[in-house]
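Contents: one structure, followed by commentary.
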Amino acid sequence: MHQPPKPPIPYLLAYAFTLASRRADEELRPLGLTVRQFGLLTQLQLEPELTMSELARQLGVSRQSLHEMIGELERAGRLGRVPGASGRTRRLALAPDTERLLSRARESLTRAEADFLGGMGLHEVETLRGLLQHLLAEATDDESWLPEAGDAAAPPSPSRKP
């Protein structure tokens with residue numbers, strides 16, 4: 001009997017992204033955010049000194065898309081531009097109330113996550129989270145994606161490429 005081929009992982013990730021982001025955007029809409037905007041604001045919260053190129057790379061978007069997202073968030077009063085470390089450059093900074101917005105957005109995304117992954121057990125969810133974090137750390141060469149040391153739910157770190 002012939003076994004059907006295994007679905008390619010990029011296809012599975014793309015389809016899961018479509019379903020998960022649709023659900024996440026539904027939850028974030030009342031807050032005036034999209035899941036991509038949430039990602040941008042969260043990345044700036046974690047690494048406020050990122051350059052535009054670094055931010056675009058970490059978010060996996062073009063510089064043009066990044067500039068569009070930044071413009072929308074600036075118009076909404078969620079972030080602004082402040083002098084950079086050298087004094088000649090400018091960097092992005094979260095507006096004062098954006099921290100509170102991100103907290104509410106995390107609550108909304110927790111609901112979306114529970115809805116999307118509701119049929120999975122806690123161990124399966126945490127294993128999936130850990131595997132995705134490792135995948136992102138490898139794909140972006142950015143270890144900030146990795147779980148905190150001592151996170152028992154995270155799977156062991158895969159061996160690094162030479």
Side-chain angles (χ1 to χ4, degrees), residues 6-82 90-148 151 153-155:
K6 291 181 183 178
I9 290 174
Y11 166 76
L12 294 172
L13 289 171
Y15 191 53
F17 165 78
T18 298
L19 298 174
S21 63
R22 184 179 303 146
R23 183 68 187 99
D25 282 338
E26 287 172 9
E27 283 289 334
L28 292 173
R29 191 171 295 118
L31 300 176
L33 287 177
T34 66
V35 72
R36 284 197 173 265
Q37 291 171 332
F38 171 81
L40 186 155
L41 294 171
T42 298
Q43 202 63 44
L44 283 174
Q45 184 181 40
L46 295 172
E47 299 180 84
E49 297 297 327
L50 285 176
T51 66
M52 294 290 252
S53 294
E54 291 167 334
L55 187 56
R57 184 181 57 79
Q58 287 193 9
L59 295 174
V61 300
S62 68
R63 283 182 53 117
Q64 180 180 350
S65 294
L66 179 64
H67 282 286
E68 290 171 10
M69 282 195 295
I70 288 168
E72 291 169 4
L73 290 166
E74 281 181 311
R75 287 188 293 280
R78 302 296 179 207
L79 56 80
R81 296 175 194 260
V82 297
R90 310 239 333 132
R91 68 173 183 83
L92 298 169
L94 300 181
D97 67 336
T98 301
E99 299 274 345
R100 199 168 32 255
L101 175 72
L102 287 173
S103 177
R104 291 175 50 212
R106 282 185 190 87
E107 292 170 9
S108 295
L109 290 175
T110 298
R111 285 192 298 275
E113 178 180 304
D115 183 50
F116 183 64
L117 302 174
M120 297 174 75
L122 179 62
H123 180 73
E124 291 172 305
V125 170
E126 292 309 318
T127 298
L128 176 61
R129 185 184 325 277
L131 289 170
L132 290 170
Q133 287 174 299
H134 283 282
L135 172 68
L136 290 168
E138 289 288 329
T140 63
D141 196 28
D142 180 2
E143 292 186 0
S144 69
W145 283 107
L146 295 174
E148 295 293 321
D151 184 349

(message) So which atom in Glu27 and which in Ala112 form the shortest heavy-atom distance, rounded to 0.1 Å?
(response) CG-CB, 3.8 Å
(request) Work out which heavy atom in Pro147 is nearest to a heavy atom in Gln133; give both atom names and the distance. (result) CG-OE1, 3.4 Å
(request) For Asp115, enumerate each residue passing the salt bridge (Lys or Arg N to Asp or Glu O under 4.0 Å) test, keeping only those at least two apart in sequence or located in another chain. (result) Arg23
(request) Step by step, work out the side chain to side chain contact (heavy atoms under 4.5 Å, CB included) result for Leu59 and Leu40. (result) CA-CA 7 Å; Leu59 295 174; Leu40 186 155; 3.8 Å; yes
(message) Do Leu50 and Leu92 make a side-chain contact, defined as non-hydrogen atoms from C-beta onward lying under 4.5 Å apart?
(response) no
(message) Is the shortest side-chain heavy-atom distance between Leu135 and Glu138 below 4.5 Å?
(response) no
(request) Heavy atoms only: give me the nearest Leu33-Ala105 pair and the separation to one decimal. (result) CD1-CB, 4.1 Å
(message) Is it the case that atom CZ in Arg104 sees more than 12 heavy atoms from other parts of the structure closer than 6.0 Å?
(response) no
(request) Report yes if some heavy atom in the side chain of Arg106 is under 4.5 Å from a heavy atom in the side chain of Phe38; otherwise report no. (result) yes
(request) Considering only NZ, NE, NH1 and NH2 on the basic side and carboxylate oxygens on the acidic side, decide whether Arg129 and Glu113 come within less than 4.0 Å. (result) yes
(request) Identify the two heavy atoms, one from Gly77 and one from Asp97, that lie closest to each other, and give their separation to 0.1 Å. (result) O-OD1, 4.1 Å
(request) Could you tell me whether a side-chain N or O of Glu126 sits under 3.5 Å from a main-chain N or O of His123, the two making a donor and an acceptor? (result) no
(request) Decide if atom CG of Leu19 counts as having more than 12 heavy atoms of other residues, nucleotides or ligands within a radius under 6.0 Å. (result) yes
(request) Mark yes or no for whether Thr98, through its side chain, and Leu101, through its backbone, hold a donor-acceptor pair below 3.5 Å. (result) no
(message) Under a 3.5 Å threshold, yes or no: a donor from one side chain and an acceptor from the other, between Ser108 and Arg111?
(response) yes
(request) Could you tell me which non-hydrogen atom of Leu41 sits nearest to which non-hydrogen atom of Leu94, and how far apart they are? (result) CD2-CD2, 3.6 Å
(request) Determine whether Thr110 and Glu107 make a side-chain contact, defined as any pair of heavy atoms from C-beta on separated by less than 4.5 Å. (result) no
(request) Report the C-alpha separation of Arg78 and Glu72 in whole Å, then their side-chain angles, then the decisive distance to 0.1 Å, and conclude whether the salt bridge (Lys or Arg N to Asp or Glu O under 4.0 Å) test is met. (result) CA-CA 9 Å; Arg78 302 296 179 207; Glu72 291 169 4; over 6 Å; no
(message) side chain to side chain contact (heavy atoms under 4.5 Å, CB included), that's the test. Do Arg36 and Met69 meet it? Break it down for me.
(response) CA-CA 8 Å; Arg36 284 197 173 265; Met69 282 195 295; 3.8 Å; yes
(request) State whether the side chain of Ser65 and the backbone N or O of Val61 hold a donor-acceptor pair below 3.5 Å, judged by distance alone. (result) no
(request) To the nearest 0.5 angstrom, please state how far the CG atom of Leu146 sits from the CG atom of Leu136. (result) 9.5 Å
(request) State, with a plain yes or no, whether a side-chain heavy atom of Arg57 is found less than 4.5 Å away from one of Arg63. (result) no
(request) Please answer whether the main-chain N or O of Glu99 pairs with a side-chain N or O of Ser103 as donor and acceptor at a distance below 3.5 Å. (result) no
(message) Tell me if a side-chain donor or acceptor on Glu47 pairs with a main-chain N or O of Leu44 at a distance below 3.5 Å.
(response) no
(request) Give the intermediate values and the outcome of side chain to side chain contact (heavy atoms under 4.5 Å, CB included) for residues Arg81 and Ile70. (result) CA-CA 10 Å; Arg81 296 175 194 260; Ile70 288 168; 3.6 Å; yes
(request) Decide if atom CD of Glu49 counts as having more than 12 heavy atoms of other residues, nucleotides or ligands within a radius under 6.0 Å. (result) yes
(request) Check step by step if side chain to side chain contact (heavy atoms under 4.5 Å, CB included) holds for Gln58 and Leu55. (result) CA-CA 5 Å; Gln58 287 193 9; Leu55 187 56; 5.5 Å; no
(request) Mind checking the CD-CG spacing from Gln37 to Leu79? Nearest 0.5 Å is all I need. (result) 9.5 Å
(message) For Glu124 versus Gly121, what's the shortest heavy-atom pair and its separation?
(response) OE1-N, 2.7 Å
(message) When you measure from the side chain of Asp25 to the backbone of Val35, do you find a donor-acceptor pair of N or O atoms at a distance under 3.5 Å?
(response) yes
